[in-house]
Amino acid sequence: MVRITMYYFGLIAEKAGVATEQLELLQGADVESVHQALQERYPSLQSDSYQVSVNRKICTNGPVSEGDEVAILPPFAGG
Amino acid sequence: MKKKPKNIFVEGAIPPEKLATSVANHQDRTNIGAHSIFLGQVRADEIDGKVVEAIEFSAYEEMANETYAAIREEVFEKFDLTCAHVYHSLGTIPVGQLCFYVFTSSQRRKQAMAATEYFVEEIKKRVPIFGKELFEGEGHQWKVNS
C-alpha cells in the first residue's frame, strides 16, 4: 500500500467536508489512481474541474509514492 | 539548507497607505526611473441577481509561495528590474478593498510596465489561490479566473 497525505481546497474541500486526510492506494499508484480514489470517495466531485499536485508541483500523470503530499486544486482565483 | 521562499500573503486587505510607503521607501534609490503598479480591488460583481459583498481568499500557501518564487525568478531573467514587491491578501476582503499588489521598479519605464503585466498574468494563472465570493444576504460561489 502507498499512504499519501491529501490536501483539499476551495470547492473541493467544501464538498469533501475535510481539508486534509490520509489515503491508502495500491502499490504502483499514479496520478490516475488518485483521480479514481477521489471520484469513488466523493462522487459529487465527478462534474468538478480540478488539477492534482504532487509534492507541490502540478502533475497530469506520473507515479505517486509513499509519503507524498497530494493536493486537489480547483480553478485558481488569485489576483 | 534550502532557502525558505518569500511569503507573499498578508492577512486582510492591503491598506492603501502601503503604496505611499513603498514609493517613499524607494526615493533614495536614485537609479530608478519608473515604478509600475498594479492593484487588484474586490469588485461588487452581480451574479444571477445577487451582488458580491466580499471575497474570502485562501491558498495552498507553501505551493503558492514556491510558484511565486519561480515566477519572480522568470521576471528577473526576462526584465531588467531594480526590484519587485508582490503581496496577496488572505481572509475576507470586502468590496472596494485591495487584495493584490504588484510594484516593480526599473531604470526605464518599459521594463517595469512589462514586468508588472507578466507578474499579474502569471500569478493569476499559476498560483494556487482560491476565492469564495460572498453574496449580500447569504450564499456564496467559488470564483474562477478568466
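Residue numbering restarts at 1 for every chain, and letters A, B, ... go by the order of the sequence lines.
- In B/N31, the CG atom is crowded: over 12 heavy atoms of neighbouring residues, nucleotides or ligands sit closer than 6.0 Å.
- Atom CD of A/E21 has more than 12 neighbouring heavy atoms from other residues, nucleotides or ligands inside a 6.0 Å radius.
- Of all heavy-atom pairs between B/M63 and A/R56, the closest is CG-O, 3.4 Å.
- Of the atoms belonging to B/Y60, heavy atoms from both backbone and side chain fall under 4.5 Å from chain A.
- By the rule that hydrophobic residues join a cluster once side-chain heavy atoms approach within less than 4.5 Å of another member, B/V102 and B/I14 end up as members of separate clusters.
- A single hydrophobic cluster is not seen to contain both B/V10 and B/F119; linkage of ILVMFWY side chains at heavy-atom distances under 4.5 Å, directly or through other members, places them apart.
- Other residues, nucleotides and ligands contribute over 12 non-hydrogen atoms within 6.0 Å of the NZ atom of A/K15.
- For chain A, the option among B/G131, B/A64, B/P128 with the highest count of heavy-atom pairs below 4.5 Å is B/P128.
- For B/K132, the part lying near chain A is the side chain, with the backbone staying farther off; criterion is any non-hydrogen pair under 4.5 Å.
- Both B/V23 and B/Y87 sit in one connected hydrophobic cluster of ILVMFWY residues. Membership requires side-chain heavy atoms under 4.5 Å apart, directly or through other members.
- Contact count versus chain B (heavy atoms, under 4.5 Å) is highest, among A/P74, A/A71, A/G10, A/S49, for A/G10.
- If you measure heavy-atom distances from B/V127 to chain A, the contacts under 4.5 Å come from the backbone alone.
- At a 4.5 Å heavy-atom cutoff, the contact between A/S53 and chain B is made by side-chain atoms alone.
- Clustering ILVMFWY residues whenever any of their side-chain heavy atoms sit less than 4.5 angstrom apart, transitively, puts A/Y42 in the very cluster that holds A/Y50.
- There is no path of hydrophobic side-chain contacts, each under 4.5 Å, that joins B/V42 to B/L98.
- No side-chain donor-acceptor contact under 3.5 Å links B/E62 and A/Y7.
- Between the side chain of B/N145 and the backbone N or O of A/G78 there is at least one donor-acceptor pair closer than 3.5 Å.
- Relative ring orientation between B/F130 and A/F76 is described as perpendicular, the plane-to-plane angle rising above 60° on a 0-90° scale split at 30° and 60°.
- Heavy-atom pairs under 4.5 Å with chain B peak, among A/Q51, A/E69, A/K57, at A/E69.
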